[in-house]
Amino acid sequence: MTPPHRCSPPFGNCPKGNSSTEAYIAAHHILLAHASVVQLYREKYQETQQGFIGINVFAYWFVPMTNETEDIIATQRAHDFFLGWFVDVLVFGDYPGIVKKRAGTRIPSFSKDESKQV
Ligand SMILES: *[C@@H]1O[C@H](CO)[C@@H](O)[C@H](O)[C@H]1NC(C)=O
Ligand SMILES: *[C@@H]1O[C@H](CO)[C@@H](O)[C@H](O)[C@H]1NC(C)=O
């Protein structure tokens, strides 16, 4: 078992956790924490340290199996979930529409200020 030792079927069999909700909550807080630390660094340390700060997004790339519309849409959806889940937030201030639609109430939302900060 790998950290954080929280999951639920069908994604794993852990003593505690909920795989259909907790990943969205954890990712949300990673994004907010990132935004907060970037702001702190820029305000207090960057000028004297002349450093850089960023986030590393580990991603997969998908190619449609065929050129059928269904496969192309599925590929876009995979990109939205694997990459857009983080990158859309950093670039546009919100999750991709399809991610919000599919996740429904399981995904937290950003306030206007949080959206601007991320
Ligand atoms: C996970 O949370 C969802 C939404 O609250 C709930 O419907 C589901 O039953 C929970 N699953 C587990 C394994 O606790
Ligand atoms: C889909 O179409 C593109 C552009 O015509 C082509 O390069 C690609 O090989 C096609 N992919 C498949 C899986 O047929």
Side-chain angles (χ1 to χ4, degrees):
M1 214 185 317
T2 54
H5 297 200
R6 295 183 66 85
C7 66
S8 63
F11 305 100
N13 202 5
C14 305
K16 287 183 179 170
N18 187 333
S19 294
S20 56
T21 56
E22 291 179 1
Y24 291 114
I25 296 164
H28 194 76
H29 288 279
I30 287 168
L31 288 159
L32 290 174
H34 165 70
S36 176
V37 165
V38 167
Q39 188 177 350
L40 176 70
Y41 186 74
R42 285 180 180 160
E43 285 171 8
K44 289 190 77 173
Y45 303 103
Q46 193 163 36
E47 198 181 321
T48 48
Q49 294 183 354
Q50 296 293 306
F52 297 94
I53 187 165
I55 193 169
N56 190 2
V57 179
F58 180 80
Y60 295 89
W61 191 250
F62 301 90
V63 175
M65 179 82 88
T66 72
N67 276 326
E68 296 295 319
T69 304
E70 256 188 344
D71 281 356
I72 291 168
I73 291 170
T75 303
Q76 180 59 49
R77 192 167 56 242
H79 287 146
D80 286 343
F81 269 89
F82 279 81
L83 196 56
W85 185 9
F86 290 85
V87 175
D88 272 36
V89 175
L90 301 172
V91 175
F92 306 114
D94 202 4
Y95 298 111
I98 190 68
V99 173
K100 291 200 293 185
K101 187 176 170 197
R102 292 276 172 118
T105 57
R106 293 176 296 146
I107 195 164
S109 49
F110 294 104
S111 71
K112 237 189 169 125
D113 285 348
E114 288 169 343
S115 181
K116 212 173 150 204
Q117 194 187 16
V118 290

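Below, all heavy atoms of this structure are taken into account, side chains as well, without hydrogens, waters or symmetry copies. Here, residue 1 is the first one in the sequence, and each next residue gets the next number. Predicted, not measured: the structure shown is a model, and the values here were computed from it. Note that ligands are numbered from 1 as they come in the structure, with each ligand's atoms numbered from 1 the same way.
Within a 6.0 Å radius of CZ in R106, other residues, nucleotides and ligands contribute more than 12 heavy atoms. In the displayed structure, E70 atom CD is contacted under 6.0 Å by at most 12 heavy atoms of other residues, nucleotides or ligands. Within 6.0 Å of CD in Q50 there are more than 12 heavy atoms belonging to other residues, nucleotides or ligands.
The ring-ring contact (aromatic ring centres under 6.0 Å, His included) search around F62 returns H79, F82, not counting sequence neighbours.
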List below, pair by pair, the N or O atoms of ligand 1 and of the protein that are less than 3.5 Å apart, including the distance to 0.1 Å; reply 'none' if no pair qualifies.
unit_1, atom_1, unit_2, atom_2, d
ligand 1, 2 (O), N18, ND2, 2.2
ligand 1, 11 (N), N18, ND2, 2.9
ligand 1, 14 (O), N18, ND2, 3.3

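At distances below 3.5 Å, not a single donor-acceptor pair connects side-chain atoms of Y60 with backbone N or O atoms of A78.
Residues S115 and D94 bring no donor and acceptor atom of their side chains to less than 3.5 Å of each other.
Within ligand 2, counting atoms from 1 as listed, the ones closer than 4.0 Å to a heavy atom of M65 are 13 (C).
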